[in-house]
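Numbers here simply count residues along the sequence, with the first being 1.
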Amino acid sequence: MTSLDKPGAATGPRTGRPPRRRVGTGGRRGVPLPLLLPGVLALAFLLLPLLALLVRAPWRGLPGRLADAEVWQALQLSLVSATAATAVSLVLGVPLAWLLARTEFPGRGLVRALVTLPLVLPPVVGGVALLLALGRNGVIGRWLDAWFGITLPFTTAGVVIAEAFVAMPFLVISVEGTLRAADPRYEEAATTLGASRFTAFRRVTLPLIAPGIAAGAVLAWARALGEFGATITFAGNFPGRTQTMPLAVYLALQNDPEAAISLSLVLLTVSIAVLAGLRDRWMTTS
């Protein structure tokens, strides 16, 4: 008997196991009906309100409404305050995320829970807390007013503080997760070569976690742009000074629903632009 006549000569060695079959993930056979129907309902639940906004939008009068000076004031204030709040979140939030991810200290779990508290805290409660802390009669605000003449409530600076209060946890969580996923041995190697901890952070860690910082900054900016409860409670609703786009939508909804729809379309457009910016990081599969 030749080697060609031997069993298994043409198919390779016999291992006693059936050959592997590659299973595709996109076939319709692999979608259970009990999961398909709730998934489609969830998609409809999320998209139908947005579609209704587009259907009922006053498209003919939209250019004239958007040309209103108050609309542009609110939009400009929203963009400037959200950017400033994001800058504050970056300056303060990135070091906080590094402390939570790279250092051990008593009560770290409690600190992490307190950092994430604004995520679940009602924004109005956050505004009240800011008033009690930074108001003219607040725990810290009274000293700011007496010593430096600084009054934060019902000012543009108050808008930035309120937005940073609710947006910073998004940045901290994103950066901390990126730091935990990054290999700390690069920092350790830099310190063994003579670099200080801060130099290792600046030269090694920051470039390594730059994508996570960028994603967290975009999330913080988007959250600050849409902030309503803490802003109206702590900063008020004064056109040209503290009235952001969400506050303008709320005010217009009481008197002119079509104007509220037009302003909502502007915020919807900005939100879509934010999602497009995050697409390469979160909305693609490898």
Side-chain angles (χ1 to χ4, degrees), residues 70-71 73-93 96-97 110-174 216-255 259-260 263-264 266-268 270-271 274:
E70 292 186 359
V71 173
Q73 284 182 353
L75 179 60
Q76 182 181 5
L77 180 60
S78 295
L79 297 177
V80 171
S81 60
T83 303
T86 304
V88 172
S89 299
L90 284 170
V91 172
L92 302 179
L96 176 58
L110 177 60
V111 172
R112 183 180 292 112
L114 293 176
V115 168
T116 57
L117 186 60
L119 295 176
V120 297
L121 193 69
V124 176
V125 177
V128 173
L130 288 173
L131 277 176
L132 296 178
L134 301 175
R136 287 187 175 181
N137 296 321
V139 177
I140 301 175
R142 66 176 65 185
W143 304 113
L144 291 176
D145 189 15
W147 293 350
F148 306 103
I150 297 176
T151 302
L152 295 175
F154 309 109
T155 62
T156 304
V159 175
V160 175
I161 291 176
E163 292 179 351
F165 178 76
V166 300
M168 190 182 299
F170 289 88
L171 178 85
V172 174
I173 290 176
S174 177
V218 172
L219 284 177
W221 186 85
R223 179 64 184 89
L225 185 69
E227 168 52 31
F228 175 81
T231 303
I232 196 173
T233 306
F234 183 65
N237 186 15
F238 300 100
R241 189 171 64 179
T242 64
Q243 186 182 85
T244 58
M245 285 294 287
L247 302 183
V249 171
Y250 175 76
L251 184 64
L253 187 61
Q254 299 177 2
N255 303 319
L263 297 177
S264 299
V266 176
L267 289 177
L268 178 62
V270 174
S271 301
V274 171

- Val249 side chain reached by Phe228 side chain, heavy atoms, under 4.5 Å: no
- Minimal heavy-atom distance between Asn237 and Ile232, with the atoms involved, is CB-CG1, 4.4 Å
- Euclidean distance, Thr242 OG1 relative to Leu77 CG, rounded to 0.5 Å: 7.5 Å
- Query: Can you check whether Ala74's main-chain N or O pairs, donor with acceptor, with Gln243's side chain at less than 3.5 Å?
  - Reply: no
- Taking every non-hydrogen atom, the tightest pair across Gly158 and Ala235: C-CB, 4.0 Å
- Item | Heavy-atom pair with the smallest gap, counting every atom of Thr244 and Ser81 | CG2-OG, 4.2 Å
- Is there a donor-acceptor pair closer than 3.5 Å between any side-chain N or O of Ser174 and the backbone N or O of Phe170? no
- Message: Could you measure the distance from the CG atom of Leu247 to the OG atom of Ser78? Nearest 0.5 Å is fine.
- Response: 7.5 Å
- Message: Strictly by salt bridge (Lys or Arg N to Asp or Glu O under 4.0 Å), give each pair with a member in residues 225-244 just once, sequence neighbours left out.
- Response: Arg223-Glu227
- Any Leu225 side-chain heavy atom under 4.5 Å of Met245 side chain: no
- Message: Does atom OH (Tyr250) have a neighbourhood of more than 12 heavy atoms from anything else shown, all under 6.0 Å?
- Response: no
- Query: What is the minimum heavy-atom distance between Ile161 and Leu134, and which atoms define it?
  - Reply: CG2-CD1, 3.9 Å
- Note on the structure: Rounded to the nearest 0.5 angstrom, the CD1-CG distance for Ile140 and Leu132 is 11.5 Å
- Message: Let me confirm one number: the CZ-CG distance from Arg136 to Leu152, rounded to the nearest 0.5 Å.
- Response: 10.5 Å
- Message: Give me the atom names and distance for the closest heavy-atom approach of Trp221 to Leu79.
- Response: CZ2-CD2, 3.7 Å
- Heavy atoms, side chains only, cut-off 4.5 Å: are Leu90 and Leu171 in contact? yes
- Query: Hey, are the side chains of Leu119 and Ile173 touching, using non-hydrogen atoms and a 4.5 Å cut-off?
  - Reply: yes
- Query: Which heavy atom in Val128 sits nearest to a heavy atom in Thr233, and how many Å separate them?
  - Reply: N-CG2, 3.7 Å
- Query: Out of curiosity, Thr155 OG1 to Phe234 CZ, how far, rounded to the nearest 0.5 Å?
  - Reply: 7.0 Å
